[in-house]
**Q** 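Sharing a structure below in structure tokens format, with a few things to ask.
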Amino acid sequence: MGPGEQQSRVPQAAGTIFFSRTYDEALRLVMEAREYLLGPGRIAVRDLSSEGNFRYATESLRLTTRLTETMSWLMFQRAVLEGEISPEEAQADECHLQYQTTCLPDADEEELELLPAGLISLLERSEALYRRIDRLDKQAIASFRDS
């Protein structure tokens with residue numbers, strides 16, 4: 001292997017490690033959200049006001065949409081890394097984030113205070129992850145266009 005080959009493999013290896021960590025983080029968050037919504041969340045919602053109950057339903061849907069969209073994007077990226085789809089094929093609309101308006105919050109902090117702490121924690125962490133993926137998606141689109 002020549003020096004040029006070794007240099008080209010280092011960024012790919014770093015990208016693979018970064019991808020694996022992000023994918024694992026997202027998968028853990030999906031599993032945690034599922035456990036929460038089926039267990040403690042189901043119990044906590046019983047004690048909420050009707051306004052709190054409505055906000056819980058809205059924000060839990062936002063949470064699941066956000067996580068679904070994040071996992072979908074990561075699966076497409078994995079397919080590109082593994083050569084299952086080409087970078088060109090990965091430019092199709094369905095390979096990019098599509099529901100930013102739904103996934104990014106429009107609620108103010110006062111409305112979130114109506115929610116159980118477990119859901120608030122999931123919302124905050126999933127939003128941070130989604131914003132990170134959104135930045136990566138925009139960078140990938142710009143990088144593809146510039147190449």
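Keep in mind that what you see is a predicted model, and the values were worked out from it rather than measured. Numbers here are sequence positions counted from 1.
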**Q** OG1 of Thr22 to CG of Leu136: how many Å apart, nearest 0.5 Å?
**A** 7.0 Å
**Q** Does Pro116 reach the side chain of Tyr56, with side-chain heavy atoms less than 4.5 Å apart?
**A** yes
**Q** Minimum heavy-atom separation for Met71 to Val30, with atom names?
**A** CG-CG2, 3.7 Å
**Q** Say you draw a straight line from CG of Asp24 to CG of Leu29; how long is it, rounded to the nearest 0.5 Å?
**A** 12.5 Å
**Q** What I'd like to find out is whether the side chain of Met75 reaches to under 4.5 Å of the side chain of Glu84, using heavy atoms alone.
**A** no
**Q** With a 4.0 Å cut-off on N to O distance, would you call Arg131 and Glu127 a salt bridge?
**A** yes
**Q** Among all residues two or more places apart in sequence or in another chain, which pass the side-chain contact (heavy atoms from CB on, under 4.5 Å) test with Ser72?
**A** Phe76
**Q** Going by side-chain hydrogen bond (donor to acceptor under 3.5 Å, both in side chains), name the residues that satisfy it together with Gln100, two or more places apart in sequence or in a different chain.
**A** Asp134
**Q** Let me confirm one number: the CD1-SG distance from Ile85 to Cys95, rounded to the nearest 0.5 Å.
**A** 4.5 Å
**Q** According to salt bridge (Lys or Arg N to Asp or Glu O under 4.0 Å), does anything in residues 38-51 pair up with another residue at least two apart or in another chain? List the pairs.
**A** none
**Q** If you round to the nearest 0.5 Å, how far is OG of Ser20 from CG of Leu27?
**A** 12.0 Å
**Q** Working to the nearest 0.5 angstrom, can you tell me the gap between Arg55 CZ and Ser49 OG?
**A** 11.0 Å
**Q** Might you point out which heavy atoms bring Gly52 and Leu114 nearest each other, and give the distance in Å?
**A** CA-CB, 4.1 Å
**Q** Scan Arg62, Glu69, Arg135, Arg125 and name whichever one has a side chain to side chain donor-acceptor pair (under 3.5 Å) with Tyr130.
**A** Glu69
**Q** Could you tell me which non-hydrogen atom of Asp93 sits nearest to which non-hydrogen atom of Gln98, and how far apart they are?
**A** O-NE2, 3.0 Å
**Q** Under the salt bridge (charged side-chain N to carboxylate O under 4.0 Å, His left out) rule, collect the residues that match up with Arg34, sequence neighbours excluded.
**A** none
**Q** Rounded to the nearest 0.5 Å, what's the gap from CG on Leu123 to CG on Leu112? Could you check?
**A** 6.5 Å
**Q** Which residue is it: Ile133, Thr70, Thr65? I am looking for the one with a side-chain contact (heavy atoms from CB on, under 4.5 Å) to Cys103.
**A** Thr65
**Q** Are Arg78 and Tyr23 in a cation-pi contact, defined as NZ or CZ under 6.0 Å from the six-membered ring centre and within 45° of the axis?
**A** yes
**Q** List the atom of Trp73, the atom of His96, and the distance in Å for their closest heavy-atom pair.
**A** CD1-CA, 4.1 Å
**Q** Looking only at non-hydrogen atoms, find the nearest pair between Ala33 and Leu122 and report the distance.
**A** CA-CD1, 3.9 Å
**Q** State which residues pass side-chain hydrogen bond (donor to acceptor under 3.5 Å, both in side chains) with Gln77; sequence neighbours excluded, sorted by chain then number.
**A** none
**Q** Can you list the residues that meet the side-chain hydrogen bond (donor to acceptor under 3.5 Å, both in side chains) rule with Gln139, with sequence neighbours excluded?
**A** none
**Q** Taking all non-hydrogen atoms of both residues, which atom of Leu115 and which atom of Glu59 are closest, and how far apart?
**A** CD1-CG, 3.8 Å
